[in-house]
Amino acid sequence: MSTSQPRRALNIDNINPHVKAAQYAVRGELAVRSEEYRATLASGEAKNLPFDTVIAANIGNPQQLDQKPITFFRQVASLLENPLLLEHEDVLINSLGYKSDVVARAKWLLDEVKSVGAYSQSQGAPGIRESVAKFIERRDGYAASAKDIYLSNGASSGVNTLLHVIAAKPETGILVPIPQYPLYTATLSVLDTRCVPYYLDESKNWGTNLKAIQEAYDTAISEGTDVKAIVIINPGNPTGASLSAADIKAVLKFAAEKSLVVIADEVYQTNVFIGEFISFKKALRDLQKESPGKYDSLELASLHSISKGMVGECGHRGGYFELVSFDPEVAAEIYKFISIQLCPPVVGQCIVELMVNPPKEGEPSYELYHQEYTGIFEGLKKRAYALYETFKQMEGVEIQEPQGSMYLFPTITLPEKAIEQAKKENRKPDEFYCFRLLDATGVCVVPGSGFGQKEGTLHFRTTFLAPGTDWTGRIVKFHKSFMDEFRA
């Protein structure tokens, strides 16, 4: 009889190698260290730390950084979670500040979903999908159908669904912008599918460069990759870019020529500071109108989320994607895939409905909603420009004017001695810089290498969600000290 100790079934050498290969920088080692600092500060044992707060500028998580929830959304949600409150409408309205349209919306949503504790249809509640379709029609000026709308567990699960269905074999390739949000490369790694990187043009405010896309496509094809789709993030993450109508149409024409699915990640569509947001759906319909029949088979999947914009309800995990011109048999397989996951969170679905159908002018909740929405937008814009001005004054830093989303992605040029020290510590130079910044200031940003960047360039991504602008002074002070320390 064996006397050896029982051993675990799993170890680091026998788990799925594709999971091990995946990287997700925004929640990586820097984020872990920042949370350790936060815990130390909370414990009152931080006498030796050179800062008294941690600024989590590494992730687009608005309400963690004190962005207040929209009152209308949370009041409706409270009634969905506890419908017994609806038996006391007089108390809600006369004593608790609820408006009549809050009560009416909660009742309508409960008629649609019955209970937020019950499963919905796999694709999402029909009435909510109808609301999304009407929103898309108002936004774009073209018809949309609820049958093409799939509610999702945030936009991320929509991306996951689409990539799972497209990734038919290891040779399948997906064109992904660089720099990119690491959800895409991480998911492709797990799926053992090829990422085909194409570089955005930093000299043109991080716009798309058709020549770069064409070269990336041609190289991939020559290497035996079966390129099936192109991802566009607009407005951009991590770059903050906002694409022009010409850029969008150029990508659509290229996709039609090469028979590629277009995956348009449009979760920052209300975070636009310069110009206006143009959806890929509107641009496609415009092209179809200009050239009847030519673009009718171009497949487009566009995604949106309650996590960004002025809503910032990341924890409620709500989103949707719309399929345009997909083969009905393929759409049926997408439906089957999401059915395996049962349904998206029902409260999240309801908040999607509130996002796409907020209070209208003249309705009881409109004035406060408009005040809160505008206040959040102006606050984000003010902090974006405060950071922009901060980076402009820093030695060796180049920065594009903020255009949209929640991020800035400055270029940094580091002294050779700093690069040599990074090598000694077995870190990439931008990663080394970001760790030194965190250790000195408590400000957590993400190195550009976590998103991809051109060889020989260095960047970092920062959000501008943290309240106030005084913490930007910490960065200026640190940067001067860092440059002086490693100056030749």
Side-chain angles (χ1 to χ4, degrees), residues 155-156 158-169 171-189 191 193-201 204 206-239 241-269 278-288 294-304 321-327 330 334 451-452:
S156 300
V159 169
N160 192 49
T161 294
L162 294 163
L163 294 182
H164 264 85
V165 171
I166 294 169
K169 55 191 176 183
E171 294 78 26
T172 300
I174 312 289
L175 281 155
V176 174
I178 299 297
Q180 53 91 40
Y181 176 46
L183 166 69
Y184 291 94
T185 46
T187 305
L188 292 174
S189 179
L191 290 170
T193 296
R194 296 177 185 176
C195 172
V196 180
Y198 67 90
Y199 287 103
L200 300 174
D201 190 342
K204 295 181 178 175
W206 295 108
T208 52
N209 181 328
L210 202 59
K211 184 169 179 281
I213 295 173
Q214 180 73 61
E215 287 174 356
Y217 176 88
D218 290 344
T219 299
I221 294 294
S222 71
E223 293 169 351
T225 300
D226 182 17
V227 184
K228 301 300 283 186
I230 181 169
V231 172
I232 306 283
I233 307 173
N234 181 47
N237 178 6
T239 64
S242 186
L243 295 183
S244 67
D247 275 357
I248 292 168
K249 285 188 177 181
V251 169
L252 288 169
K253 288 176 179 178
F254 177 82
E257 179 192 331
K258 304 299 184 185
S259 295
L260 302 177
V261 177
V262 176
I263 300 174
D265 182 334
E266 298 176 330
V267 301
Y268 297 100
Q269 60 188 258
I278 299 163
S279 76
F280 269 74
K281 168 84 175 289
K282 181 184 188 313
L284 175 58
R285 292 297 189 232
D286 286 348
L287 275 178
Q288 290 170 336
K294 188 172 181 181
Y295 300 100
D296 289 355
S297 61
L298 175 53
E299 296 132 295
L300 168 67
S302 55
L303 303 109
H304 195 13
F321 59 94
E322 180 188 21
L323 299 183
V324 177
S325 300
F326 273 65
D327 184 307
V330 173
I334 290 172
F451 303 95

- Query: Any side-chain heavy atom of V324 within less than 4.5 Å of one from R285?
  - Reply: yes
- Atom pair CG/SG of L163 and C195 - distance to nearest 0.5 Å: 10.0 Å
- Nearest atoms (heavy-atom pairs only) where L284 meets L252: N-CD1, 3.5 Å
- Pairwise distance CD1(I334) to CG(L323) - rounded to 0.5 angstrom: 4.5 Å
- Item | Euclidean distance, L200 CG relative to F451 CZ, rounded to 0.5 Å | 13.0 Å
- May I ask you to test the W206-P179 pair for a side-chain heavy-atom distance under 4.5 Å? yes
- Query: How many angstroms lie between atom CG of L188 and atom OG1 of T172, to the nearest 0.5 angstrom?
  - Reply: 10.0 Å
- Query: If you round to the nearest 0.5 Å, how far is CG of N234 from CG of L243?
  - Reply: 4.0 Å
- Message: Pair I263, F321 - check side chain to side chain contact (heavy atoms under 4.5 Å, CB included), show working.
- Response: CA-CA 10 Å; I263 300 174; F321 59 94; over 6 Å; no
- Query: Among side-chain atoms of T185 and Q180, is any donor-acceptor pair under 3.5 angstrom?
  - Reply: yes
- Task: Please step through side chain to side chain contact (heavy atoms under 4.5 Å, CB included) for the pair T208 and F254, ending with a clear verdict.
- Result: CA-CA 12 Å; T208 52; F254 177 82; over 6 Å; no
- Item | Residue pairs passing the salt bridge (charged side-chain N to carboxylate O under 4.0 Å, His left out) test where at least one lies in residues 250-267, sequence neighbours excluded | none
- Message: Under the rule for side chain to side chain contact (heavy atoms under 4.5 Å, CB included), what residues qualify as partners of E299, not counting sequence neighbours?
- Response: V261, F326
- Query: Are V251 and F280 side-chain neighbours, meaning at least one heavy-atom pair lies under 4.5 Å?
  - Reply: yes
- Do you know the tightest heavy-atom contact between I233 and Y181? CD1-N, 3.7 Å
- Here the salt bridge (charged side-chain N to carboxylate O under 4.0 Å, His left out) pairs for residues 219-230, sequence neighbours left out, are K169-D226
- Message: Tell me the closest heavy-atom pair linking V227 and A220, and the distance in Å.
- Response: CG2-CB, 3.8 Å
- Sorted by chain and number, sequence neighbours left out, side-chain hydrogen bond (donor to acceptor under 3.5 Å, both in side chains) with T225 holds for R194
Side-chain donor/acceptor pairs under 3.5 Å, residues 210-219, sequence neighbours excluded:
{"unit_1": "K211", "atom_1": "NZ", "unit_2": "E215", "atom_2": "OE2", "d": "2.9"}
{"unit_1": "Q214", "atom_1": "NE2", "unit_2": "D218", "atom_2": "OD1", "d": "2.9"}
{"unit_1": "Q214", "atom_1": "NE2", "unit_2": "D218", "atom_2": "OD2", "d": "3.3"}
{"unit_1": "T219", "atom_1": "OG1", "unit_2": "E215", "atom_2": "O", "d": "2.9"}

- Work out which heavy atom in T193 is nearest to a heavy atom in I174; give both atom names and the distance. CG2-CG1, 4.4 Å
- Message: Among residues at least two apart in sequence or on other chains, which ones pass side chain to side chain contact (heavy atoms under 4.5 Å, CB included) with D296?
- Response: Q288
- Show the numbers, then the answer: is there a side chain to side chain contact (heavy atoms under 4.5 Å, CB included) between K282 and I248? CA-CA 10 Å; K282 181 184 188 313; I248 292 168; over 6 Å; no
- Item | Sub-4.5 Å side-chain heavy-atom contact between K204 and N209 | no
- Write down the atom of L298, the atom of L260, and the distance for their closest heavy-atom approach. CD1-O, 3.5 Å
- Task: Check whether any side-chain heavy atom of P177 sits under 4.5 Å from a side-chain heavy atom of V231, and report yes or no.
- Result: yes
- Minimal heavy-atom distance between A155 and V267, with the atoms involved, is CB-CG1, 3.5 Å
